[in-house]
Amino acid sequence: RKKIAVMTSGGDSPGMNAVVRAVVRTAIHMGCDAFCIYEGYEGLVKGGDLIRQMGWSEVRGYLSEGGTLIGTARCMEFYERPGRVRAAKNMVLNGIDALIICGGDGSLTGADRFRSEWPSLLEELVSTGQLTASQVKPYKHLNIVGLVGSIDNDLSGTDATIGCYSALSRICEMVDYIEATAASHSRAFVIEVMGRHCGWLALLAGVATGADFVFIPERPVSECWHEEMCAVVKRHRAFGKRKTIVIVAEGANDKDGNKITPEQIKNLLADKSEGGLALDTRITTLGHVQRGGTAVAYDRMLGTLQGVEAVKAVLEATPETETCFIAINENKIVRKPLMKAVEETKSVAKAVEEKQFDKAMSLRDTEFSD
Ligand code: ADP
């Protein structure tokens, strides 16, 4: 009987619970034993009651809960080999031979590393006398499948990550609230949203709420952004608009790589000197409301369909199969090579960090045309 474990790792995102429920129930339906690893890699390293076998009814009600009910953590020990040796030991002691991990690019990189080191981890466990050769023999091959849980929609190779539409919906709802009060007082609001390397949330929220101006990391503004933004706001005000909404991603930059801060934007909108807009301006940082709360229908569906596919991928894998993650492309749930997506994602983030914005944009373009 195959023993399949599921865990959530890295930053939580709405829809992770749908993944856990789908994996547990599909595994049981396919005649396997299902396990949950609590607290991400921390649970794998520590073992004990952080690794639990799950029954069908234990994941009842998971769909309508936000966050991740089996917990997540950042685990420093898993970055080091001794931590991964302990993790491998706990897998063998629990008889687990397949692992489904839902997390961001960090978690998925860790997963790939774990799988590529697996034979040598087992060897070390035997040579140091922690386990016997016969104990490790049935676990020669470790199957790992990744699922992308992230509110930022920041992984290459998939159209949507689990959680991104929930965060986007939450942002739109919050902007609607703010708009009502902004219009009443004829005010301007600068709204900071999450996204250090990836401006998807800011951009899409801007489109969905009809914001006046949006700042994102991948498309830095030119040196004359002050004039450009003020001209746009002035034009909209001249049309009779009583509110001004500017959305800024956490990682927004100008072309020289200087951070664009909400305070800078506020000062500009509020400038009372001659020719200034002199708008009564407030800043709202949305923060963790974007991450929390229940998942929208799309994320529940995505988590469920991808969870089912992940179990199928585990059951169909052979020792030669490349480690895959489950993506959605043009509305189809598909399997794709894990490390290629992680590497592409990292090169976009690196290009943004190194201020090579044209490169970042062209990498994103390739990703979109894939
Ligand atoms: P996310 O998965 O959201 O990108 P992190 O980057 O914090 O979040 O990764 C979550 C956890 O995954 C880390 O705390 C660590 O335990 C593990 N991890 C991340 N990167 C690696 C790596 N290169 N090698 C081993 N483990 C890693």
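Just so you know, ligand 1 is whichever comes first in the structure, and atom 1 is the first atom listed for that ligand. Position 1 is the first residue of the sequence, and the numbers go up from there.
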Task: Any N or O of Leu108 closer than 3.5 Å to N or O of ligand 1 - done: no
Task: Atom indices of ligand 1, in the order listed, that fall short of 4.0 Å to a heavy atom of Cys75 - done: 13 (C), 14 (O), 15 (C), 16 (O)
Task: Tyr41 and ligand 1 - part of the residue with a heavy-atom distance under 4.0 Å - done: side chain
Task: Interfacing atoms of ligand 1 (cut-off 4.0 Å, heavy-atom, Gly110) - done: 21 (C), 24 (N), 25 (C), 26 (N), 27 (C)
- [ ] Just jot down the ligand 1 atoms closer than 4.0 angstrom to any heavy atom of Arg113, in number order.
- [x] 22 (C), 23 (N), 24 (N), 25 (C)
Task: Reference residue Val24; test side chain to side chain contact (heavy atoms under 4.5 Å, CB included); the match among Val19, Ile4, Val59 - done: Val59
- [ ] Would you check if the distance from the ring center of Trp56 to the ring center of Tyr62 is below 6.0 Å?
- [x] no
Open item on the list: Within the 4.0 Å heavy-atom shell around Gly10, which atoms of ligand 1 are there?
Closed with: 1 (P), 2 (O), 3 (O), 8 (O), 10 (C)
TODO: Compare Ala87, Ala111, Ser107, Gly40 and give the one whose heavy atom is closest to atom 2 (O) of ligand 1.
DONE: Ser107
Open item on the list: Show the atoms of ligand 1 that are less than 4.0 angstrom away from any heavy atom in Gly11.
Closed with: 3 (O)
TODO: Could you list the atoms of ligand 1 found under 4.0 angstrom from a heavy atom of Arg74?
DONE: 3 (O), 5 (P), 7 (O), 8 (O), 14 (O)
TODO: With heavy atoms only and a cut-off of under 4.0 Å, state how Thr109 meets ligand 1: side chain, backbone, both or neither.
DONE: side chain
TODO: Not counting sequence neighbours, which residues clear side-chain hydrogen bond (donor to acceptor under 3.5 Å, both in side chains) with Glu316? List them please.
DONE: Arg335
- [ ] Please list, chain by chain and in numerical order, all residues satisfying ring pair (Phe, Tyr, Trp, His ring centres under 6.0 Å) with Phe215, sequence neighbours excluded.
- [x] Phe213, Trp225
Open item on the list: Give me the residue, atom name and distance of the protein heavy atom closest to atom 4 (O) of ligand 1.
Closed with: Gly106 N, 2.9 Å
Open item on the list: Give me the residue, atom name and distance of the protein heavy atom closest to atom 21 (C) of ligand 1.
Closed with: Tyr79 CE2, 3.3 Å
Task: Asp105 N/O to ligand 1 N/O under 3.5 Å - done: yes
TODO: Could you check if a side-chain atom of Leu277 sits within less than 4.5 angstrom of a side-chain atom of Leu268, using non-hydrogen atoms only?
DONE: no
TODO: Report yes if some heavy atom in the side chain of Asp97 is under 4.5 Å from a heavy atom in the side chain of Pro138; otherwise report no.
DONE: no
Task: Whether Tyr41 and Phe78 hold their rings parallel, tilted or perpendicular, with breakpoints at 30° and 60° - done: parallel
Task: Charged N-O contact under 4.0 Å between Arg52 and Glu58 - done: no
Open item on the list: side chain to side chain donor-acceptor pair (under 3.5 Å), that's the test. Do Arg25 and Thr304 meet it? Break it down for me.
Closed with: CA-CA 10 Å; Arg25 290 194 169 174; Thr304 301; over 6 Å; no
